Protein chains: 2
Amino acid sequence: MANAEILYSVKAQRGDTLRCKGWKQETILRMLENNMENAEIPELLVIYGGNGKCARNWESYHAIVKSLKELEDNETLVIQSGMPVAIFKTHKLAPRVVMATTNIMKATWEVFYDLQDKNLTMFAQYTAAPWEYIGTQGVIQGTFETLSAIAIKRFDNDLSGKIYLTAGAGGMGGNQSWAMKMHGGVAIIVDADERVLQRRIEKNYLDMFVHSFDEARKIAEEHAAAKKPVSIGIVGNAADVYWEAYEKGFQPDIVSEMCPCHDPISYIPSGYTGEQADEYRARDRKAYLKDAQDTMIRQLRAMIAFSRKGAEVFEYGTSIRKECMDAGMPKEEAKQIPGFVAAYIRPLFCEGRGPFRWTCISGEASDLARLDDLALEICAGDPLVERWIKLARKHLPIEALPARICYMGFGQRKRFGLAVNDLIKKGEIKGPVAFSRDNLDSGSIVNPTFESEDMKDGGDLISDWPYLNGLLNASAGCDLIAIQANYSMGEAVHTGVTMIADGTEEADLRLEASLTVDSGIGVIRHAQAGYETAKDVANGKGKLTTDSI
Amino acid sequence: MANAEILYSVKAQRGDTLRCKGWKQETILRMLENNMENAEIPELLVIYGGNGKCARNWESYHAIVKSLKELEDNETLVIQSGMPVAIFKTHKLAPRVVMATTNIMKATWEVFYDLQDKNLTMFAQYTAAPWEYIGTQGVIQGTFETLSAIAIKRFDNDLSGKIYLTAGAGGMGGNQSWAMKMHGGVAIIVDADERVLQRRIEKNYLDMFVHSFDEARKIAEEHAAAKKPVSIGIVGNAADVYWEAYEKGFQPDIVSEMCPCHDPISYIPSGYTGEQADEYRARDRKAYLKDAQDTMIRQLRAMIAFSRKGAEVFEYGTSIRKECMDAGMPKEEAKQIPGFVAAYIRPLFCEGRGPFRWTCISGEASDLARLDDLALEICAGDPLVERWIKLARKHLPIEALPARICYMGFGQRKRFGLAVNDLIKKGEIKGPVAFSRDNLDSGSIVNPTFESEDMKDGGDLISDWPYLNGLLNASAGCDLIAIQANYSMGEAVHTGVTMIADGTEEADLRLEASLTVDSGIGVIRHAQAGYETAKDVANGKGKLTTDSI
Ligand SMILES: NC(=O)c1ccc[n+]([C@@H]2O[C@H](COP(=O)([O-])OP(=O)(O)OC[C@H]3O[C@@H](n4cnc5c(N)ncnc54)[C@H](O)[C@@H]3O)[C@@H](O)[C@H]2O)c1
Ligand SMILES: NC(=O)c1ccc[n+]([C@@H]2O[C@H](COP(=O)([O-])OP(=O)(O)OC[C@H]3O[C@@H](n4cnc5c(N)ncnc54)[C@H](O)[C@@H]3O)[C@@H](O)[C@H]2O)c1
């Protein structure tokens, strides 16, 4: 089928029309369609993150849709790097779909591209391949909770009047201004590409942008003094602007960046606009790379300088320290700023928390609203959930199928999942609900430069854990499970999952077990590493639940 | 528990005493004990293959035994690199044990040893960590079937009167002489360590050994002429003896070797006895390594020379070509001889065949005999199974719990498993039966220098397949599943499984599904790669079954 039909836009089916042989299959199909509805380049099957795809090619896409429509209640569909390869008879409580994506021995980008050219693999990204992408909300809460942890650590749990200096307003980075404003603070975000800042304004993620640091500083300091939230873009290169700010004695409270450092060929060298960089990159890749590395090193040095002057500075998952080390910066220098997981997020992991999310398969906003209420009921007294749900329902628009992300932890997820299934049974919401999560989770990933950096036991590289997560979820009746390699090639192993509430007794069984093991193995991983909170949670002495493992 | 009790010998429980809460758990416990009964260094928990262990340490061993005794019928025990870390409530059809072992990002031996010192990991080997080792039988059939494939390809399916020149009579290599004799042929096996050859004589794997090539040649040629099987050891270095033989115009029919080339520091350089090599290695590791590499290159060149003169020459899974390339030999030169999987075993993989095996948990030899009969009934007309079972029951001793290996394929395994479960139901055998397999299997492994070398689609490095195997087996109700890294560090990914027949209806369900998916995904992997036989099997047009996938 060399000329399989290309669909330039796909919308997720809404309502109560069942196209498959059961609601589990229908839910999974709608999650795939929802990925496509949120996709950055749907005609190329690219969902987000540069090259994260939902299917190998259009032939595979259509074959997947067909297979999901035909799949029986006791069968399992097998997907290898975006291509459906088999349907096996298993049993009713088995997963309906299993996947493995981008797993390659001795992976490098060259090896990957060669195998991709041979039509043998595709890039998973975190939530693209397993059909769990829900738009920009995911990363917003990540930034919001990171800033919350910083607020608690340094600023009496209050960021109003504080200034966050950052850079990179792209697909993921663009959320930073909003997250800081949700905290009532001031965000300055530097991007070398004016077109990108323009887009953020159009999408309401940014209030304004200017062309000079002095202008931005004036607006920022006025708003901070008046404790009024605002977000200001600066057209410029992060390295240049950060040093200018530093030399002029500017004192931001928090400094980070979300430039595409993990992929230096996308990072814009000093002296180039976005368009000029595109042209330079096409003309002389090697020279470009060298320039980009020099600029990146200058940028990191500016961040370290701010940190010495007392600002809270961290790497926000971009690999800037590793890339600078690869480009020659000494390790002791680069490691003067921490990664955000080790610094702020790991305590949440110890409680089994992470970017849990639910998607309303009916497509009804009223279902989402009812589930927001339910989350507040179930997690009453948990400040993290309470604060987030209230802000999120107020500020965040619905993107494609209504969905909510929420950093629930061990115990909460299971209680919430079962309560949702109950609501469906009673007809109080209109359709099934799919639970999933992304990579930044307690028990599903190993990435030694990110989620598992600086583990207390030195086990940053031990990758048994995501495989145990996958096997446990398959054992527990999770509906879709995906083992995948991610991040920069060969640098992370991650297991993606989708669990479905469809109002059946069967779903009670599946949800109880899978929502327990999924974050449970994360708690265990941290308890093994010696984190006391995690040991308490495993022993039933956590804040969120008295269940023990 | 720093001073957990060390057991210097463990015997697998026999008979019908149940120590656990169900026969599945008891079977798994006996498989662990059986590993230990077959172990090379039980007091160190080392089962075989140098450093392949069944538990992280003695504290973990005792905790595993205790956990298995307490494990309920709806719970799953989780083992991370030999240490039990959690028990989760799952459901009845879920696996009772899941494991992940030796999985390490960016693995090298240095990284591994560092993490092992920190008590964070252990080495899996293939069947050690998942408690599936059954002694030497496994590798014997591997060699037997390799020689069978050669017999069919080159010698009219008859090796009587043919001479196999090989080297390395160690733990695995020592089986070669027996396998060749089972074919009615003549084996010459060179080993630098006289102590090792002495041990083979004691264990009845070798008829005699001599100190000169001329002597061995005389005996070999006389027996070949008379079509009488014999096995002759030569004390000497493989490189030296092979060149001497070549220069004297000796014409063996088949040439290979099983020296420990994958670990050059164990390979003995020319001019040293086993004892002298031990001393040299301890004294000057670097000089030793250089000498060993030089000798290895000379050995491989001799093998290539024999191949040019028309002998059937192959690498038998020792990595000799890769090690010689790493030591400077050009790739075009090293690759003049093939690996045995690509040359002989892959056609079997396309039928879903591989080293399937069963272990009789009762400990009764009569159970094994009944199952040998059953295998002949179920696979009547399949020359491979018929020939092997008849020879194996005649020639192979029982080691620890009675077990049989047999290269059954897709369709056969399921039919056999269900028939075994039926025998147990009817009381015709005395206890449960555990099915498992080792690494050389159709659908469970990726190893680009071994099982997945030279795949037709160039996908040697794609490691999605073993993860899919693991997820599918977990979905299908397989009883124990283990995802592990193996072979030389970071070079292979493998999934080990144990499926249990205990005469219950539940076992019917589990066996039907798991014995289908396990080899089924192997057939699919080969069909995807473009092998016609595998496509036929997947479409129900194979020799062994009309089931399709
Ligand atoms: N912390 C997290 O949880 C998390 C989540 C997702 C992504 N990330 C990381 O964040 C980074 C950005 O991701 P993205 O999806 O937003 O990338 P993107 O490519 O969509 O956007 C990057 C932006 O940075 C700008 N830029 C590049 N070089 C610059 C420079 N020198 N100075 C100023 N601006 C520059 C580009 O113009 C672009 O707008 C990546 O490294 C990614 O891996 C982290
Ligand atoms: N093909 C397969 O399916 C398969 C299975 C298991 C092991 N292997 C491989 O086979 C090799 C041997 O495994 P093993 O467990 O038997 O190893 P081992 O260490 O138990 O035995 C190796 C033997 O080789 C001898 N030796 C070493 N250097 C020599 C030399 N230069 N000349 C002559 N003899 C020499 C040693 O004295 C020793 O007796 C390994 O590389 C292993 O990975 C292959």
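Naming convention: chains lettered A, B, ... in sequence-line order (proteins, then strands); numbering from 1 in each chain. The shown structure was predicted, so the numbers you read here are calculated from the model rather than taken from an experiment.
- Neither the backbone nor the side chain of Ser514(B) comes within contact range of chain A, judged by heavy atoms closer than 4.5 Å.
- Considering CG of Leu468(B) and OG1 of Thr101(A), their distance stands at 8.0 Å, rounded to 0.5 Å.
- The distance from the CD1 atom of Ile481(B) to the CG atom of Leu472(A) is 10.0 Å, given to the nearest 0.5 Å.
- Contact count versus chain B (heavy atoms, under 4.5 Å) is highest, among Ile79(A), Leu509(A), Val85(A), Asn103(A), for Asn103(A).
- Between the OG atom in Ser475(A) and the CD atom in Glu75(B) there is a gap of 13.0 Å [rounded to 0.5 Å].
- Only the backbone of Met99(B) comes within contact range of chain A, with heavy atoms under 4.5 Å apart.
- Only the side chain of Leu115(B) comes within contact range of chain A, with at least one heavy atom under 4.5 Å from a heavy atom of that chain.
- Residue-environment remark: NZ (Lys456(A)) exceeds the threshold of 12 foreign heavy atoms within 6.0 Å.
- No other option in Lys89(A), Lys106(A), Lys118(A) has as many heavy-atom pairs under 4.5 Å with chain B as Lys106(A).
- The distance from the CD1 atom of Ile104(A) to the CG atom of Asp460(B) is 12.5 Å, given to the nearest 0.5 Å.
- At a 4.5 Å heavy-atom cutoff, the contact between Gln80(A) and chain B is made by backbone and side-chain atoms alike.
- Interface residue Ile87(A): only backbone heavy atoms are found under 4.5 Å from chain B.
- One distance of note links CD of Glu506(A) with NE2 of His91(B); it measures 9.5 Å at 0.5 Å rounding.
- The minimum heavy-atom distance linking Tyr467(B) with Ala100(A) is given by the pair CB-CB, 4.2 Å.
- Proximity to chain B (any heavy atom under 4.5 Å) is shown, for Glu491(A), by both the backbone and the side chain.
- Heavy-atom distances place both the backbone and the side chain of Ser81(A) under 4.5 Å from chain B.
- Heavy atoms of Thr76(B) lying under 4.5 Å from chain A belong exclusively to its side chain.
- Taken to the nearest 0.5 Å, the CG atom of Leu461(A) stands 13.0 Å off from the CZ atom of Phe112(B).
- Note on Ala492(A), Ala513(A), Ser463(A): by heavy-atom pairs under 4.5 Å with chain B, the leading option is Ser463(A).
- When each of Asn119(B), Ile483(B), Thr121(B), Asn447(B) is checked for heavy-atom pairs under 4.5 Å with chain A, Ile483(B) comes out on top.
- When each of Arg510(B), Glu512(B), Gln528(B), Met105(B) is scored by its heavy-atom pairs under 4.5 Å with chain A, the top score falls to Met105(B).
- Of the residues considered (Ile524(A), Leu120(A), Val111(A), Val78(A)), Leu120(A) shows the highest number of contacts with chain B, using heavy-atom pairs under 4.5 Å.
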